[in-house]
There are 2 protein chains.
Amino acid sequence: MDLDARTMLADSGLRITAPRVAVIDALVEMPHAAADAIFAKVSETLPRTSLQAVYNVLGDLATHGLARRIEPAGSPALYELRVGDNHHHVVCTHCGKVADVDCSVGHAPCLTPSETHGFAIAEAEVTYWGVCTECREASVATVH
Amino acid sequence: MDLDARTMLADSGLRITAPRVAVIDALVEMPHAAADAIFAKVSETLPRTSLQAVYNVLGDLATHGLARRIEPAGSPALYELRVGDNHHHVVCTHCGKVADVDCSVGHAPCLTPSETHGFAIAEAEVTYWGVCTECREASVATVH
DNA sequence: CGGTCTCTTTTGAATTGATCAAATCAAATG
DNA sequence: CATTTGATTTGATCAATTCAAAAGAGACCG
């Protein structure tokens with residue numbers, strides 16, 4: 001996958017516009033960002049961009065398979081450019097930070113449920129919940 | 001776990017009130033329900049109950065470990081009474097219906113990520129996405 | 001190179017899901 | 001039965017997101 005915004009857009013038949021390029025660039029810097037964080041980042045370089053445009057762009061990117069939208073419980077939707085490889089996420093229960101977790105191929109069978117209740121399963125989404133290094137160190141420092 | 005509302009509440013040191021009993025009873029009938037669905041059901045038997053009370057009760061139940069809150073992407077929060085066993089869920093991408101999926105114990109290791117990025121993992125949450133029987137049959141009927 | 005068409009962005013409002021806060025009310029204890 | 005503490009109601013507020021119409025700008029064509 002190419003990370004050049006213009007190439008990505010062109011390859012998907014999307015018009016190359018300043019807001020779209022800026023949103024993609026923001027996602028390169030912030031790999032798991034919510035719409036308002038992206039809006040803030042985009043506003044730095046493109047102050048006339050509306051929040052609405054950011055929502056539009058993110059929706060378009062997701063629709064065209066250029067971005068993936070994840071919605072961890074208790075968090076606004078997050079977007080990432082890493083698509084097409086069924087990877088998962090670790091979310092910090094303290095600060096909400098998200099990191100990628102590769103799908104261990106050898107273990108794929110584990111993600112097939114035993115009893116499917118008649119559902120035709122298309123994919124399994126795994127979210128790991130834990131505490132990130134920074135938050136763990138911070139809480140240790142507080143306790144002692 | 002006892003499914004008698006009064007016993008559940010008493011065992012958790014919560015006051016036994018009509019709204020609480022009604023919400024628990026609604027959850028027994030609708031094992032994966034959103035706040036407004038529960039509100040509708042509760043309203044049938046206890047019309048003077050406010051939506052706010054339903055939110056309060058659900059929050060209390062969750063806080064005291066009597067209910068579990070799940071938030072599938074694209075869905076409002078759902079509540080279930082089945083707690084304490086780390087089970088997962090299948091969600092229908094068409095109608096949103098949710099069913100339980102037992103955590104296959106023998107496969108537990110699969111849910112340990114290879115690279116944790118320094119996170120102290122506390123739990124893994126798995127959501128299966130697929131199409132339920134009814135929706136699959138409905139779409140087949142439409143196509144032909 | 002400029003016109004045209006279509007898509008994109010802006011602007012502004014509306015919606016949904018959920019939470020906050022104060023006043024009223026009711027369950028449990030003695 | 002009175003008291004106290006906790007629950008519910010009422011009404012406002014918020015955050016995240018979407019909808020819709022008008023204005024604007026890419027991209028292709030002649």
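Each chain gets a letter, A, B and so on, in the order its sequence line appears, and its residues count up from 1.
- Within the 4.0 Å cut-off from OP1 or OP2 of C:dC7, not a single side-chain nitrogen or oxygen of A:T17 is found.
- Scanning all heavy atoms of the two residues, the minimum distance from A:Y128 to B:I121 falls at CB-CD1, 3.9 Å.
- Side chain to side chain, A:H89 and A:E80 meet the donor-acceptor criterion of an N or O pair below 3.5 Å.
- Residue contacts shown for A:A34 are absent, as no nucleic acid heavy atom lies under 4.0 Å away.
- Distance alone, capped at 3.5 Å, is enough to place a donor-acceptor pair between the B:H87 side chain and the B:D85 backbone.
- D:dT8 atom P lies 16 Å from atom OH of B:Y55, rounded to whole Å.
- Atom CZ of A:R48 and atom C1' of D:dA25 are 13 Å apart (whole Å).
- The CD atom of B:Q52 sits 18 Å away from the P atom of C:dT24 (whole-angstrom rounding).
- A donor atom on one side chain and an acceptor atom on the other are not found under 3.5 Å apart for A:D100 and A:H88.
- The nearest heavy atom of DNA chain D to B:D60 and to A:D36 marks one nucleotide each, and the one closer to the 5' end goes with B:D60.
- As rounded to whole Å, 10 Å separates atom C1' of D:dG26 from atom CZ of A:R20.
- In this structure, B:F39 atom CZ and C:dG17 atom C1' are separated by 14 Å, rounded to whole Å.
- Nearest-nucleotide positions on DNA chain C for B:R69 and B:I16 put B:R69 closer to the 5' end.
- Here D:dT8 is the nucleotide among D:dT8, C:dT10, C:dA18 with the atom lying nearest to any side-chain atom of B:A53.
- Put simply, CG on B:L9 is 9 Å from P on C:dA28, counting in whole angstrom units.
- Going from atom CG of A:L14 over to atom C1' of D:dA25 covers 15 Å, rounded to whole Å.
- Nearest to the side chain of B:P76, among C:dA18, C:dT10, D:dA16, sits C:dA18.
- Taking atom CG of B:N56 as the reference point, atom P of C:dA26 lies 16 Å away to the nearest angstrom.
- Relative to the side chain of A:R15, the nucleotides C:dT8, D:dT9, D:dT5 differ in distance, and C:dT8 lies closest.
- Between B:L78 and A:T49, the residue whose closest nucleotide on DNA chain C is further toward the 5' end is A:T49.
- No donor-acceptor distance shorter than 3.5 angstrom exists from the side chain of A:R20 to the backbone of A:L61, with no hydrogens or angles considered.
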